[in-house]
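Note that this is a predicted model, so its numbers are computed, not measured. First listed ligand is number 1; within each ligand, the first listed atom is number 1.
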Amino acid sequence: MTSTTRTTSTTRSRARGATEAAAAQSLTLTDLVKVYRGREVVPAVKGINLAIEAGELVALLGPSGCGKTTTLRMIAGLETVTGGSIRIGDREVSQLPAAKRGVGVGFESYALYPPMSVRENLLYGLKARKVKGAEQTVAAISRRLELDDMLELRPAGLSSGQKQRVALARALVRNPPVLLLDEPLSHLDASARQRVRRELKVLQREFGYTTIVVTHDQVEALSLADRLAVMDAGVVQQFGTPDEVFDDPANLFVAQFVGEPQINVLRGIARVRDGGVQVEIGADAGGLETTVDAATSGLQDGATVDVGVRPQDCVIGGADGDGIAATVAYFEHLLEFGLLTGTVPGLEDGLVVQTPAADSYRTDQRVIVTAPPERVYLFDAESGDRLR
Ligand SMILES: Nc1ncnc2c1ncn2[C@@H]1O[C@H](COP(=O)(O)OP(=O)(O)O)[C@@H](O)[C@H]1O
Ligand SMILES: [Mg+2]
């Protein structure tokens, strides 16, 4: 175990061949519920439904405490299920012990064995199961995750980012049909995070593990995932491709959680005209056209709504009455675009507009802001539900 294995393209392809046995499987969660009953009763997961296809990479994205880790631990068999079912392929696994589920896990806490070197940590599970080509697999994955220099070190000698990469490698070398990763890149610095993220995606594609990556970082979720499940308060708020979630948010929570800079949310009054809906914004500041249908949305003339419009969709220009009148509070030149923050009479929050890089605005300048009607979202002012 002490010899240095040089990774060549041959060992890499052999390693791949050696680990190809596990076929990806679909993963289906139905009405999955978890209530923790300790000193307090905590309803952590409140009925989750997700149908994940074989070989798909899904990101569970949501704020701290929304139930992401609990969901993953139930799938892995590390936490009992209060209700509902978990199917891997066509097997119901929710009552099976963890070891019988065919699930690989990489959790936020590294759980590396301190007396073993990195190489031994990576080999450990494979040797125990007498997996063929274990050394080659470990060499190949180590190289891809930039662990070559630390294979002979013990975990205590590693930084938190390095430990996390080892933990990720350990989950990957097992080549499980279902792979669950909880915040796998959270301890890496920005540049390592980007490289490892790319490599993780490539490896996932190559080996085809059905994968769930838990993250609270939307950039990570958007860049990795085939589909994202946006969670809040123990509930999946929306499950869709990154584009679907960004372009067609199901509710105000999703609209605000995904997108950078954050979507503008403005108080508005609905005006129903000819079956369509326009919104008046602020105190006599003008308004925006929408594609919302009065009948479908059930909106009454004069109803209060929350209007969502992304900074990227805002356009400056037009005459009074065409859009929202705003006064420039400040303007920042960034490299690839500008960011204008305007004040709108009657609104507490500023209105943020992303402008072309070549544009320039001065403080106190008056501007008219419009947006394409199909990019102006309306939400119920009480429930946050999308109105269409
Ligand atoms: N072992 C536990 N006992 C009691 N409550 C827990 C336990 N683990 C997590 N929780 C609670 O369940 C909720 C969801 O937690 P968690 O799944 O860790 O969220 P996330 O991973 O999204 O941050 C939180 O309110 C958390 O405090
Ligand atoms: Mg967590």
Side-chain angles (χ1 to χ4, degrees), residues 27-50 52 57-86 93-95 97-98 101 103-112 160-161 163-168 170-171 178-188 193 196-197 200 210-225 227-240 242 245 249-259 384:
L27 172 63
T28 313
L29 310 182
T30 310
D31 299 329
L32 191 62
V33 171
K34 177 67 190 186
V35 180
Y36 289 107
R37 296 181 195 279
R39 239 177 301 166
E40 283 172 80
V41 174
V42 183
V45 172
K46 300 178 191 164
I48 284 187
N49 292 288
L50 282 180
I52 301 175
L57 196 165
V58 166
L60 273 192
L61 174 69
S64 179
C66 73
K68 305 181 296 295
T69 296
T70 301
T71 302
L72 230 54
R73 289 176 57 84
M74 284 193 284
I75 301 169
L78 302 172
E79 193 68 71
T80 59
V81 163
T82 308
S85 99
I86 302 169
V93 300
S94 61
Q95 306 304 322
R101 294 193 186 189
V103 169
V105 291
F107 281 97
E108 206 175 351
S109 54
Y110 325 102
L112 302 174
S160 56
K163 280 185 210 163
Q164 193 163 39
R165 268 152 55 205
V166 176
L168 175 60
R170 196 178 50 179
V178 174
L179 176 67
L180 307 175
L181 301 172
D182 194 352
E183 308 267 1
L185 312 175
S186 57
H187 296 283
L188 306 187
R193 183 180 299 203
V196 175
R197 188 172 76 205
L200 171 60
T210 305
T211 306
I212 301 185
V213 177
V214 158
T215 178
H216 62 271
D217 177 345
Q218 57 157 313
V219 175
E220 202 164 291
L222 291 166
S223 59
L224 276 173
R227 286 193 286 174
L228 7 158
V230 184
M231 280 185 72
D232 187 39
V235 175
V236 172
Q237 304 287 333
Q238 187 166 4
F239 185 40
V245 169
N251 57 40
L252 187 59
F253 174 83
V254 173
Q256 288 187 294
F257 200 76
V258 178

Any idea which part of Thr69 is under 4.0 Å from ligand 1, heavy-atom wise: side chain, backbone, both or neither?
-> both
Using side chain to side chain donor-acceptor pair (under 3.5 Å) as the criterion, point out the one residue from Thr28, Thr30, Asp31 that pairs with Asn49.
-> Asp31
Around atom 12 (O) of ligand 1, find the nearest protein heavy atom and jot down its residue, atom name and distance.
-> Ala44 CB, 3.4 Å
What protein heavy atom is closest to atom 9 (C) of ligand 1, reported as residue, atom name and distance in Å?
-> Tyr36 CE1, 3.5 Å
Considering only heavy atoms from C-beta outward, does the side chain of Leu188 approach that of Arg165 to under 4.5 Å?
-> yes
Take every heavy atom of Ser64, measure it against each atom of ligand 1, and state whether any distance is under 4.0 Å.
-> yes
Judged by modelled atom types alone, do Asn251 and Gln238 share a side-chain donor-acceptor pair under 3.5 Å?
-> no
Is at least one protein non-hydrogen atom found at under 4.0 angstrom from atom 27 (O) of ligand 1?
-> no
When distances are taken from atom 20 (P) of ligand 1, the protein heavy atom at minimum range is Gly65 N, 3.5 Å
Please confirm if an N, O or S atom belonging to Thr69, backbone or side chain, lies less than 2.8 Å from the Mg ion (ligand 2).
-> yes
Have Glu79 and Thr70 got a donor and an acceptor in their side chains that come within less than 3.5 Å?
-> no
Protein heavy-atom partner closest to atom 19 (O) of ligand 1 - residue, atom, separation in Å | Gly67 N, 3.2 Å
With a 4.0 Å cut-off on heavy atoms, does Cys66 reach ligand 1?
-> yes
Identified side-chain contact (heavy atoms from CB on, under 4.5 Å) partner of Leu60 from the options Asp182, Leu180, Thr71 | Thr71
Top protein contact for atom 15 (O) of ligand 1, by heavy-atom distance | Thr70 OG1, 3.8 Å
Where is the nearest protein heavy atom to atom 11 (C) of ligand 1: which residue, which atom, and how far?
-> Val42 CG1, 3.9 Å
List the atom of Gly67, the atom of Val45, and the distance in Å for their closest heavy-atom pair.
-> O-CG2, 3.7 Å
Check each of Leu179, Val103, Ile75, Val178 against Ile212 using the side-chain contact (heavy atoms from CB on, under 4.5 Å) test, and report the only one that passes.
-> Ile75
Protein heavy-atom contact under 4.0 Å for atom 4 (C) of ligand 1?
-> yes
Do Val230 and Val236 touch side chain to side chain, with heavy atoms closer than 4.5 Å?
-> no
